[in-house]
Protein chains: 2
Amino acid sequence: MKTEEASYRDKKVMSIGIVKELTGLSERQIRYYEKRQLLFPERTSTGIRKYSFSDVERLMDIADKIEEGVQTKEIRHELARREEKNRNKTNEIRNRMLQGQLNAHFHSRNY
Amino acid sequence: MKTEEASYRDKKVMSIGIVKELTGLSERQIRYYEKRQLLFPERTSTGIRKYSFSDVERLMDIADKIEEGVQTKEIRHELARREEKNRNKTNEIRNRMLQGQLNAHFHSRNY
DNA sequence: CGTGTAAGGAATTCTGACACG
DNA sequence: CGTGTAAGGAATTCTGACACG
């Protein structure tokens, strides 16, 4: 179920300097997109930002949108819509699995 | 072929502070194991070490071995042997693929 | 052999502000 | 609105060495 790979992708482990290199964006831009709520890095206890690979991917997407002239506000809405879809899809799968278990249970018990 | 996940795993992106947190080892230990050639972090242009998730995994393995009383020299040999095996396996696959292409080629040309 | 620590310096990151527009 | 920059401070990392054993 590739649990580990997903954890690598979402684990917040990089500081802003590497994200800067990976994305080609300036620190200013990266911090600004955070202020506009487009991504949510974690912080160390002393306040240093930590990013994940998925944050890096998201930043690339954001950069593309910005270049197309889309405003951060719009981008935020798009991201929110995407989150919503994913939540629905996840729940769908979850429900289907649960339903399957229930079916198996009742059939095996011969109700 | 999960090219991307592998890239996340092997990409050197973390500084020693996070590796320290992730592994529970001290900076001293992490740098020492490097000196003993057990892992090979990259460096930024200014000399800061950068580690990958696979380095973190390797450090966990190393820590286990050390606890078992194995010396760094032994651990290095074990790691070398493991690399050797992987190289062989990769070549095997590569050769098999090449052979398959050759076969396809000659059969289709009807020699 | 493997690890802790204090020392001094260099590189990194942070925030709030001035600037342009 | 989105981004650059200089400013000052705080946190991080680096190396070589002394120490114990």
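Order of the sequence lines fixes the chain letters, A, B, ..., with proteins taken first and strands second; residue numbering starts at 1 for each chain. Being a predicted model, the structure only gives us computed values, none of them experimental.
- B:R43 has its CZ atom 17 Å from the P atom of C:dA10, to the nearest Å.
- D:dT13 atom P lies 16 Å from atom CE of A:M14, rounded to whole Å.
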Step-by-step side-chain hydrogen bond (donor to acceptor under 3.5 Å, both in side chains) determination, A:R36 to A:Y32
CA-CA 6 Å; A:R36 302 318 307 277; A:Y32 179 68; 3.2 Å; yes
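- Within residues 27-42 of chain A, the residues approaching DNA chain D are A:R28, A:Q29, A:Y32, A:Y33, A:R36, by heavy-atom distance under 4.0 Å.
- The interatomic distance linking A:R49 (CZ) with D:dT12 (C1') rounds to 16 Å, in whole Å.
- Paired regions of DNA chain C, where each region holds three or more successive Watson-Crick or G-U pairs whose two hydrogen-bonding distances fall under 3.5 Å, are C:2-5 with D:17-20, C:17-20 with D:2-5.
- Under a 3.5 Å cut-off, the side chain of A:E67 and the backbone N or O of A:D64 do not form any donor-acceptor pair.
- Using a 4.5 Å heavy-atom cutoff, the side chains of B:V13 and A:V19 are not in contact.
- Between A:K65 and A:E74 there is no salt bridge, since no side-chain nitrogen of the basic residue lies less than 4.0 Å from a carboxylate oxygen of the acidic one.
- Between B:K12 atom NZ and D:dT13 atom P there is a gap of 17 Å when expressed in whole angstrom units.
- Side chain of A:K12 to main chain of A:F40: a donor-acceptor pair is present (N/O by atom type, distance under 3.5 Å, no hydrogens or angles).
- Proximity of B:S15 to the phosphate of C:dT12: no side-chain N or O atom is located under 4.0 Å from OP1 or OP2.
- Between the A:D55 side chain and the A:S52 main chain, a donor and an acceptor come within less than 3.5 Å of each other.
- Note that CD1 of B:I75 is 11.0 Å distant from CG of B:L39, once rounded to the nearest 0.5 Å.
- Between A:E42 and A:K50 there is no salt bridge, since no side-chain nitrogen of the basic residue lies less than 4.0 Å from a carboxylate oxygen of the acidic one.
- The residue among A:I48 and A:S26 whose nearest nucleotide of DNA chain D is located toward the 5' end is A:S26.
- Judged by closest nucleotide on DNA chain C, B:I66 is the one of B:I66 and A:I18 placed further toward the 5' end.
- One atom, CG of B:L59, and another, P of C:dT3, lie 11 Å apart when rounded to the nearest Å.
- Proximity of residues 67-78 of chain A to DNA chain D (heavy atom under 4.0 angstrom from any strand atom) is restricted to A:Q71, A:T72.
- Within the 4.5 Å cutoff, no side-chain heavy atoms of B:S7 are placed close to those of B:D10.
- Counting to the nearest Å, the P atom of C:dG2 and the CD1 atom of B:I62 are 11 Å from each other.
- Looking at heavy atoms from C-beta onward, B:V70 lies in side-chain contact with B:E78 at the 4.5 angstrom threshold.
- When side chains are defined from C-beta on, B:Y33 counts as touching B:L25, because their heavy atoms get closer than 4.5 Å.
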